[in-house]
Peer 1: 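This structure is in structure tokens; I'll ask about it shortly.
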Amino acid sequence: MQEEQGMKVLLVGSGGREHAMAAALSKSPNLDQLLIAPGNAGTSEIGENVPVAIGDVPGLVALARERSVDLVVVGPEAPLADGLADELNRAGIPVFGPSAAAARIESSKSWAKRLMARHGIPTAGFATFQSIQESMSHIDTLSEGPVVVKADGLAAGKGVIIAQSRQEASDAVAEMIRGQIFGDAGSTVVIEECMEGPEVSVFAFVDGRTVSNEVAACDYKRAYDDDDGPNTGGMGAYTPPEFWTPKLAARIRAEVLEPIAVAMDEEGSPFTGILYAGLMLTESGPRVIEFNCRFGDPEAQVVLSRLETDLLDIALAAANGTLEQVDVQWNDQAGVCIVMASGGYPGSYETGKPISGLSDVSTSAMVFHAGTGQGDDGTVLTTGGRVLDVVASGSDIFEARTNAYAAAQSISFDGAEYRSDIASRAVESPAP
Ligand code: AMP
Ligand code: GLY
């Protein structure tokens, strides 16, 4: 174990994921002070919110310096892609999160796909283009059927179009390259083979070639029940998936997690932080949909409740390159997260609605704040699309789900919306 008495930590981010990370960090006996930039109404109860935006890399580095923090933990991908970890390293401040070069695993889909291809990591067949003409010629060579078209850059999880025909694919490519839908993120497009099967998000702490024990969760990207409606940042999650087995976990470790860590290290962009593999379990085995360079939101809210090991110890070890000395353990508890959103999300919605019932939530559930702020009189108000994440644990998914929905029902705000089918498929087909 390392000497880390009385550590001062800066956590970057403001969503439900960061509230859950703040809660996990605050359990550490080694934590002295937690700063969150910029945080939300929930994190203000755990630490000190400091109003520096996640997009303000120089401001975050200056804050870490001025407040002499011992470790910076980064929640979201955008500041990582912008080089926050590089700047902190340059300033001699330990950071848990990848360099901009390693964050390309998420910030450049074409870079990630080529890396996977070079190292034989299973993923959908693909080609990348910057010209509409060349994309069209490529699409003409594909057989009829669904085609996946993606913007190369960061598009907040929304840069993917599953085109049902070649014509639809051609239209999507043209709009992306002209910058009409995803701006600069779409100036390079990735055209992919469409895979089929259940999806799973797998997370591991990584430092160079060391890959910790992994944990799996399922999330719900569509806005409405039965996976209807537009894609969102995520409307709920549960862990463990009903189809998750030690055999599947071992296969994913051997075919995906370990090879990608080696590949990144070998190619000069070693990864430090949380690696998130979005996978599809196809008939020919697990294949990568995408990698992300951070925790999933809302998956973090359920998997962190299963983390038995001190998160601060893990983050500090990864930042210092000594993760191999930490035995990361996840327990067998089930967890369910229900996202309460503002009416109209992911389209337009109103904010500033007072939230009631927060103090009535029973101890069998936790509420993480995502889009909240404090009014002048201290009332908690809605400030975003995804407002609250209601999370419950249990010895099985049924218990966790029951507790999570009971808690969600005791909270209200004008226009609140949430899906009623989170984890229902896992309750219907219990774990093997
Ligand atoms: P991504 O932003 O890459 O996670 O993609 C968003 C969603 O699009 C995924 O969760 C999948 O449901 C779907 N998707 C992405 N790529 C593919 C693919 N090659 N085949 C089938 N579905 C895909
Ligand atoms: N839950 C999906 C994501 O964090 O990208």
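Nothing here was measured: the structure is a model prediction, and the numbers come from that model. Both counts, for ligands and for their atoms, begin at 1 and track the order of listing.
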Peer 1: What class does the angle between the rings of Tyr418 and Tyr405 fall in, given that below 30° is parallel, 30 to 60° is tilted and above 60° is perpendicular?
Peer 2: tilted

Peer 1: Does ligand 1 have an atom under 4.0 Å from some heavy atom of Cys194?
Peer 2: yes

Peer 1: If the plane angle is over 60° it's perpendicular, under 30° parallel, otherwise tilted; pick one for Phe203 and Tyr276.
Peer 2: perpendicular

Peer 1: In terms of atom number and element, which parts of ligand 1 are under 4.0 angstrom from non-hydrogen atoms of Lys109?
Peer 2: 2 (O), 3 (O)

Peer 1: Any idea how Phe295 and Phe205 line up, ring-wise: parallel (<30°), tilted (30 to 60°), or perpendicular (>60°)?
Peer 2: perpendicular

Peer 1: Just to verify, what does Asn331 make a side-chain contact (heavy atoms from CB on, under 4.5 Å) with, not counting sequence neighbours?
Peer 2: Arg306, Glu308, Gln333

Peer 1: Can you find an N/O atom of Val148 closer than 3.5 Å to an N/O atom of ligand 1?
Peer 2: no

Peer 1: Please work out whether any backbone atom (N, CA, C, O) or any side-chain heavy atom from C-beta onward of Ala124 is under 4.0 Å from ligand 1, and answer side chain, backbone, both or neither.
Peer 2: side chain

Peer 1: Tell me which part of Glu192 gets within contact of ligand 1: side chain, backbone, both or neither, using heavy atoms under 4.0 Å.
Peer 2: side chain

Peer 1: Under the side-chain hydrogen bond (donor to acceptor under 3.5 Å, both in side chains) rule, collect the residues that match up with Asn89, sequence neighbours excluded.
Peer 2: none

Peer 1: Under a 3.5 Å cutoff, is there a donor and acceptor pairing between the side chains of Asp207 and Thr272?
Peer 2: no

Peer 1: Verify whether one side chain among Ser28 and Asp310 offers a donor that lies under 3.5 Å from an acceptor in the other.
Peer 2: yes

Peer 1: Kindly check if the number of other-residue, nucleotide or ligand heavy atoms within 6.0 Å of CD (Glu350) is above 12?
Peer 2: no

Peer 1: Near Asp219, which atoms of ligand 2 are under 4.0 Å from a heavy atom of that residue?
Peer 2: 1 (N), 2 (C)

Peer 1: Looking only at non-hydrogen atoms, which of Ile161, Thr282, Val288, Val160 approaches atom 5 (O) of ligand 1 most closely?
Peer 2: Val160

Peer 1: Side chain, backbone, both or neither: which part of Ile162 has a heavy atom under 4.0 Å from ligand 1?
Peer 2: side chain

Peer 1: Tell me the closest heavy-atom pair linking Ser364 and Ala392, and the distance in Å.
Peer 2: O-CB, 3.5 Å

Peer 1: If we only count N/O pairs under 3.5 Å, is Glu290 in contact with ligand 2?
Peer 2: no

Peer 1: Determine, considering heavy atoms only, which of Lys221, Glu77, Arg294 sits nearest to atom 5 (O) of ligand 2.
Peer 2: Arg294

Peer 1: Gly296 heavy atoms, cut-off 4.0 Å: which ligand 2 atoms fall inside?
Peer 2: 4 (O)

Peer 1: Pull out every atom of ligand 2 sitting under 4.0 Å from any heavy atom of Glu299, numbered as shown with elements.
Peer 2: 1 (N), 2 (C), 4 (O)

Peer 1: For ligand 1, which atoms sit closer than 4.0 Å to a heavy atom of Glu193?
Peer 2: 18 (C), 19 (N), 20 (N)

Peer 1: Go through ligand 1 atom by atom and flag the ones less than 4.0 Å from a non-hydrogen atom of Lys150.
Peer 2: 3 (O), 15 (C), 16 (N)

Peer 1: Less than 4.0 Å is my threshold; does some heavy atom of Gly234 fall inside it relative to ligand 2?
Peer 2: no

Peer 1: What atoms of ligand 1 come closer than 4.0 angstrom to any heavy atom of Lys221?
Peer 2: 10 (O)

Peer 1: Is it true that Asp227 and Arg419 have a side-chain N and a carboxylate O under 4.0 angstrom from each other?
Peer 2: yes

